[in-house]
> 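This is the structure I want to talk about, given as structure tokens.
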Amino acid sequence: MITENEELQMARNYALYTHRNIFLTGKAGTGKTTFLRRLREESHKRMIVVAPTGVAAINAGGMTIHSFFQMAPGLYLPGGLMVAGQDARHRFSFSKQKINILQSLDLLVIDEISMVRADLLDAIDDILRRFQQRDKPFGGVQLLLIGDLQQLAPVATDEEWRLLQDFYTTPYFFSSTALQKTDFVCIELRKVYRQQDLSFVQLLNDVRDGQLTAATYQLLHSRYLPAFVPPAGEDWITLTTHNAQAAQLNSRRLAELSTPPVTFQATIKGEFPELSYPTDVQLTLKVGAQVMFCKNDPSNVKAFYNGRIGRVEDITEEKVTVRCGNDRIQVGPLEWTNSHYATDPSTGVIREEVVGTFTQIPLRTAWAITIHKSQGLTFDRAIINAGRAFSHGQVYVALSRCRTLDGLVLSTPISPALVTTDPDVQQFNAFTREHQPTMDTFIRDRRSYVEDILCSVFDFSRISMLLRHYVRLTSEFTPFFPAYIHLVQNAATETDARLMAVGVKFQAQIRQLIPLTESFRENLTLRERVKAAMSYYCKETASLLQELIDTEIPEIDNARGKELIEKQFQDIKTAYEEKMNIFIACLGDFSLNAYWDAKAKAAMTEEVKVKKPRAPRKRATNVAKDAEGTTPATSKSTAASGLQGEAATRIYRALLAWRKTLAAERKLPTHFILSIKAILGIANTQPATPDELLEIAGVGAKTVNDYGPELLELVARNR
């Protein structure tokens, strides 16, 4: 059980209550994985977790970076994506659900950041800017980067580095151009929970830092026992540098057993990438085989955990019995899930949606495992075969998997050359240690974050900009609906005068009051003013904009104009609903959790129906869209439609429905049958003869000849 310590608490505070980007690091066994699991349970921010590899993603309960951001493998260079040696502009086709997540994401967690290359982090920056704030690194999304640079490093071949070195000083994530533009905070976890022996902890520290003293090297070398044979009854696992070494040893040891083999076939459903398989699809076991559990026990018993070693004692068609010391554990097939992120339609909260499963006995033969696959695991007894280590992090990862020095044996000597560290990593780690935040730093950053959020709540510049653009669009594309144009113009003018201008003044008050206390909770004066402002703006915003939101967009014949109008209206509606959600959620008292929950709910632009305060209004007939069959006939007002009376409204609806049906039969655009200008004229003048019909603007002799009797009959029937 990992208890809270000062560094863990600081990391939690920064992730929950600030917007600073965070690099969370620490030696192996300092509780980084446990911290992430607890953060997911606590945070009200819209967050997702990604990792560079399939195994790391499954362990972290997230997705791979490439899968979530839909990036093909390759090099990302400023301005393009290198795929198979060819430049190609990276264009991604995201689903509406993915776009929704990207547009409203608050916190992006990247686990095992040590394996993420700088160019990949910049590719993420490029995508997030497209969907959030273009002028801010990572679109303004907060990053939590978790990992240990002394462990596994990013992969960059000589050919790849020849291309990357023109843009980056190192391949490590901290050389990312976007990250260097942010004022990120570094938090190092120092308390080691995995090892308790202080001399062993010191040895690991020296290996991690690449600074073996004569004494620690002698201590490490004392564990070089080339003739070591595991004592009977003890389960030792060998850690190797290459897959082939581990596979060969496991195959040989399994073949040496005289007991009959039994093979279990995995069941794979949906999407589950092969690189993420937690064990063999065809798992062959024998009684007497040394095995390792590759999943935590999901039951309340908690009889096994990922990495526990034991011996197969019995095998049936459905279960395997494993002896682990004094424990005799029976286990059947268990399920792993591969999840994608989706949004909950009722709350807007980002949740995991299972898209594939892998079901198998949660075991693997375990006389040997690669160092790479051992990352994150803990062993009581391990034989380290790291003589062919090809990365400076491999030796440290291997040694730090062990709980005790007595439970560690070196089958090959580890020379001082294998424990040297990358100078760039050493320099960055020194920077990390020198820039640890203090409690005073956190208080300042938390206060700054609350200030930024409160000011953004009372900032109406985006709504103002959207309305001004909408004024231009409606003036151009709805000239036959002057009442609607007036409604839009009035909303824009009043928003600037009664919301925007007053909001600017209140933001100045917030900035003056927020430094008076350490926390918003203690600032009673500011809390009361914010509470009053929430009530005022809730009523004023609804009073000024609710009618526009409730009024049906006029029918537009110009296809491009219709598309522009509808998109701009939806943007206005989304911005309005976010404001109203926040005001309503914080009417009692403002809190960050209430703010995040309201913001998440508002992100569900089409799925969420927000209950808003409004003055009573008459139920009016939705003329245009009901006729086109897309909206209930009484859902929106037609006060701005330009129609004169109830009869005109009925005729207008009937004409739109008639036009749509005829256009579909003849496979023509609707305005080829009859223009909106003509439909409005007919509805308002209600002609009774062909001559009266011909006098209407937009109605010519051909129209009267082709459709005159139908139009006059339709008018008479609905008059």
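Basis for what follows: all heavy atoms, side chains included, without hydrogens, waters or symmetry-related copies.
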> May I ask you to check whether Ser591 and Asn593 show a side-chain donor-acceptor distance below 3.5 Å?
no
> Does the pair Ile676 and Ile556 meet the rule for a side chain to side chain contact (heavy atoms under 4.5 Å, CB included), with working shown?
CA-CA 7 Å; Ile676 285 296; Ile556 302 169; over 6 Å; no
> So does Lys567 pair up with Asp571, basic N to acidic O under 4.0 Å?
yes
> What pair of heavy atoms forms the shortest contact from Gln507 to Cys455, and how long is it?
CD-O, 3.6 Å
> Is there a donor-acceptor contact under 3.5 Å from the side chain of Glu692 to the main chain of Ala688?
yes
> Establish, from distance only, whether the side-chain atoms of Glu552 and Tyr484 form a donor-acceptor pair under 3.5 Å.
no
> If you count heavy atoms of other groups shown closer than 6.0 angstrom to CZ of Phe672, is the number above 12?
no
> Without swapping roles, check the side chain of His19 against the backbone of Ile453 for a donor-acceptor pair under 3.5 Å.
no
> With a 4.5 Å limit on heavy-atom distance, are the side chains of Met71 and Ile127 in contact?
yes
> Side chains of Phe167 and Thr177: does their closest heavy-atom pair fall under 4.5 Å?
no
> Show your reasoning for whether ring-ring contact (aromatic ring centres under 6.0 Å, His included) applies to Phe506 and Tyr537.
CA-CA 11 Å; Phe506 188 60; Tyr537 277 105; 7.0 Å; no
> Does the pair Leu711 and Thr703 meet the rule for a side chain to side chain contact (heavy atoms under 4.5 Å, CB included), with working shown?
CA-CA 10 Å; Leu711 293 173; Thr703 300; 4.2 Å; yes
> Measure up the Tyr470 and Phe569 rings against each other and bin them: parallel (under 30°), tilted (30 to 60°), perpendicular (over 60°).
tilted
> Determine yes or no for a side-chain-to-main-chain donor-acceptor pair under 3.5 angstrom, with Thr551 supplying the side chain and Glu547 the backbone.
yes
> Decide yes or no for Leu545 and Leu467: does some side-chain heavy atom of the first lie under 4.5 Å from some side-chain heavy atom of the second?
yes
> Is it true that Glu528 and Lys531 have a side-chain N and a carboxylate O under 4.0 angstrom from each other?
no
> Any donor-acceptor pair under 3.5 Å linking the side chain of Arg446 with the backbone of Tyr17?
no
> Evaluate the side-chain proximity of Tyr576 to Leu548: yes if any heavy-atom separation is below 4.5 Å, no if none is.
no
> Under a 4.0 Å N-O cut-off, is there an ion pair linking Arg129 with Asp122?
no
> Can you tell me if Thr541 uses its side chain to pair, donor with acceptor, with the backbone of Cys538 under 3.5 Å?
no
> Determine whether Glu476 and Arg472 satisfy the following criterion, salt bridge (Lys or Arg N to Asp or Glu O under 4.0 Å), listing intermediate values before the conclusion.
CA-CA 6 Å; Glu476 179 180 356; Arg472 292 193 294 272; over 6 Å; no
> Taking the six-membered ring of Phe68, is NZ or CZ of Lys98 closer than 6.0 Å to its centre and within 45° of its axis?
yes
> Step by step, work out the ring-ring contact (aromatic ring centres under 6.0 Å, His included) result for Phe442 and Tyr14.
CA-CA 7 Å; Phe442 165 67; Tyr14 263 92; 5.6 Å; yes
> Give the intermediate values and the outcome of side-chain hydrogen bond (donor to acceptor under 3.5 Å, both in side chains) for residues Asp691 and Thr689.
CA-CA 5 Å; Asp691 288 341; Thr689 67; 5.3 Å; no
> Heavy atoms only: give me the nearest Arg511-Glu451 pair and the separation to one decimal.
CG-OE2, 3.3 Å
> Quick one: do the Ser448 and Arg444 side chains pair a donor with an acceptor below 3.5 Å?
no
> Would you check, one step at a time, whether the test salt bridge (Lys or Arg N to Asp or Glu O under 4.0 Å) holds for Glu555 with Arg659?
CA-CA 12 Å; Glu555 187 68 21; Arg659 181 179 79 157; 3.7 Å; yes
> Counting N and O atoms only, with roles assigned by atom type, does the side chain of Asp119 sit under 3.5 Å from a partner on the main chain of Tyr76, one being a donor and the other an acceptor?
yes
> Report yes or no: does Thr493 contribute a side-chain atom to a donor-acceptor pair with the main-chain N or O of Asn490 at less than 3.5 Å?
no
> For Arg130 versus Arg134, what's the shortest heavy-atom pair and its separation?
O-NH2, 3.8 Å
> Tell me, do Leu128 and Phe69 make a side-chain contact under 4.5 Å, heavy atoms counted?
yes
> State which residue, out of His44, Lys45, Lys599, fulfils the side chain to side chain donor-acceptor pair (under 3.5 Å) condition with Asp106.
Lys599
> Compare every heavy atom of Gln568 with every heavy atom of Leu473, then report the nearest pair and how far apart it is.
CD1-CB, 3.8 Å
> For a side chain to side chain contact (heavy atoms under 4.5 Å, CB included) with Ile110, tell me which candidate from Ile124, Leu120, Leu144 qualifies.
Ile124
> Please confirm whether the backbone N or O of Glu577 pairs with a side-chain atom of Asn581, one donor and one acceptor, at under 3.5 Å?
yes
> At their closest point, which heavy atom of Met580 faces which heavy atom of Ala542, and how far apart are they?
CE-CB, 3.9 Å
> Is a side-chain donor or acceptor of Glu566 paired with a backbone partner of Ile553 at a separation under 3.5 angstrom?
no
> Is any side-chain heavy atom of Ile673 closer than 4.5 Å to a side-chain heavy atom of Trp658?
yes
> Check the pair Ile485 / Phe480 against side chain to side chain contact (heavy atoms under 4.5 Å, CB included), numbers first and verdict last.
CA-CA 9 Å; Ile485 295 174; Phe480 306 120; over 6 Å; no
> Where is the tightest heavy-atom contact between Gly561 and Asn558, given as atom of each residue plus distance?
N-OD1, 2.7 Å
> With a 4.5 Å cut-off on side-chain heavy atoms, are Ile443 and Ser519 touching?
no
> Does CD belonging to Glu646 count more than 12 external heavy atoms closer than 6.0 Å?
no
> Taking the side chain from Arg527 and the backbone from Arg521, do they hold a donor-acceptor pair closer than 3.5 Å?
yes
